[in-house]
Amino acid sequence: MRPDAVHRVLDAELAAARDRRGGEPPRVLDVGGGSGVWAVPLALAGCSVTVVDPSPDALATLHRRAAEVGVLDRVTAVQGDTDALEPHGGADLVLGHGVLEVVDDASAALAALAGAAVPGGAVSVLVANRFAAVLHRAIAGRLVDARRLLDDEAGQLVGTRDPLLRRFDVAGLEALVLASGLKVELLQGHGVVSDLVPGSVLDANPGAAEALAELELAASTRPPLRDVAARLHVLGRKSA
């Protein structure tokens, strides 16, 4: 199994939320997670999950996945985007994974995510890392695109078929989260080394998967390795 620093952080956050709620199920809001990659496992873990996504096809996939594992009663699907979020806050944990790269206004979207959390609640943001994109394109021989991403602070490849409107680096992401009124409680890398190790290496070496997991978790919070991870993960805390 591939290591996952993000799940480790979210598991701890949900355990704390459950304690705050006296053992009641934590309330999770997953924005942009319509297919259920995060929502279904969280529902299986006992959370009450609301998923907001603009794609009816993605929400149909969510419905099917939730039904297959018997958690349909714990999942609520809402078709919409960050404009549809309840601004008064009702979620113990708000997920915005892969959202800020594609919205028109990242600042407004993050403010909406923060507004949807309860006082003392957390917002989990997972974004594409600009510097990782530079390295990956250079390794693939796409040197012109690598240089463009290095020179463009927004991490854009204008005029190409690139699906992302922007990418982030550590400093820019941290500044954006702070500007939304959240306290940065953790900023770590996701996919620091695990994305670079072929599956064949793990299959051929007993114990390699466990060693990689330990290495990935150790590297996830250590600059400069953290700063070139494939994705950057922030856990922001809303003031109580």
Side-chain angles (χ1 to χ4, degrees), residues 4-55 58-59 62-63 65-66 69 71-103 105-127 173 176-188 190 231-240:
D4 197 328
V6 176
H7 276 97
R8 181 181 63 167
V9 170
L10 297 187
D11 287 346
E13 178 60 32
L14 291 169
R18 194 181 297 273
D19 287 342
R20 290 195 303 269
R21 293 177 56 80
E24 294 184 6
R27 297 165 297 182
V28 178
L29 174 64
D30 184 5
V31 180
S35 63
V37 172
W38 293 91
V40 171
L42 288 172
L44 277 169
C47 299
S48 174
V49 187
T50 298
V51 179
V52 177
D53 196 285
S55 169
L59 293 176
L62 166 68
H63 186 279
R65 285 179 170 173
V69 296
V71 295
L72 200 54
D73 59 327
R74 298 179 193 164
V75 176
T76 301
V78 177
Q79 187 175 352
D81 52 25
T82 53
D83 292 338
L85 300 185
E86 170 58 54
H88 304 299
D92 300 296
L93 174 64
V94 179
L95 305 184
H97 294 177
V99 171
L100 299 185
E101 302 99 313
V102 298
V103 294
D105 188 332
S107 296
L110 187 52
L113 296 178
V118 298
V123 177
S124 173
V125 173
L126 188 65
V127 297
L173 179 59
L176 186 68
V177 173
L178 291 173
S180 74
L182 296 169
K183 175 185 176 183
V184 175
E185 201 157 278
L186 173 75
L187 201 162
Q188 65 177 352
H190 182 244
R231 294 160 294 281
L232 297 173
H233 177 233
V234 168
L235 189 76
R237 181 75 56 191
K238 188 173 181 178
S239 299

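All residue numbers refer to positions in the sequence shown, counting from 1.
The two residues Leu176 and Leu110 make their nearest non-hydrogen contact at O-CD2, 3.5 Å. The shortest heavy-atom contact between Ala91 and Val94 is CB-CG2, 3.8 Å. Nearest heavy-atom pair across Leu100 and Ala109 is CD2-CB, 4.0 Å. Closest non-hydrogen pair, Ala117 versus Ala122, comes out as CB-O, 4.4 Å.
Under the 3.5 Å distance criterion, the side-chain polar atoms of Lys238 are left unmatched by any main-chain donor or acceptor of Val123.
Under the salt bridge (Lys or Arg N to Asp or Glu O under 4.0 Å) criterion, Glu101 pairs with no residue at all, not counting sequence neighbours. Asp105 meets the side chain to side chain contact (heavy atoms under 4.5 Å, CB included) test with Ser107, Ala108; sequence neighbours excluded. With sequence neighbours left out, the side chain to side chain contact (heavy atoms under 4.5 Å, CB included) criterion links Glu24 to Arg21. Ala43 meets the side chain to side chain contact (heavy atoms under 4.5 Å, CB included) test with Val49, Val71, Arg74, Val75; sequence neighbours excluded. Partners of Arg231 according to the salt bridge (Lys or Arg N to Asp or Glu O under 4.0 Å) rule, which considers only residues two or more places apart in sequence or in another chain, are Asp195.
Atom CG of Leu42 sits about 8.0 Å away from atom CG of Asp11, to the nearest 0.5 Å. Rounded to the nearest 0.5 angstrom, Leu182 CG and Leu235 CG are separated by 9.5 Å. Between Asp73 atom CG and Ser48 atom OG the span is 9.0 Å, to the nearest 0.5 Å.
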### Message
As a quick check of understanding, evaluate side chain to side chain contact (heavy atoms under 4.5 Å, CB included) for His7 and His190, giving each step before the final call.
### Response
CA-CA 10 Å; His7 276 97; His190 182 244; over 6 Å; no
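Side-chain contact between Leu10 and Ser124 is present, with at least one heavy-atom pair separated by less than 4.5 Å. You'll find the side chain of Val51 reaches within 4.5 Å of the side chain of Leu59, heavy atoms only. With contacts defined as side-chain heavy-atom distances shorter than 4.5 Å, the pair Val234/Leu232 does not qualify.
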Determine all donor-acceptor pairs shorter than 3.5 Å in which one atom belongs to a side chain in residues 26-41; sequence neighbours excluded.
unit_1 : atom_1 : unit_2 : atom_2 : d
Arg27  : NE     : Gly90  : O      : 3.3
Arg27  : NE     : Asp92  : OD2    : 3.4
Trp38  : NE1    : His97  : ND1    : 3.4

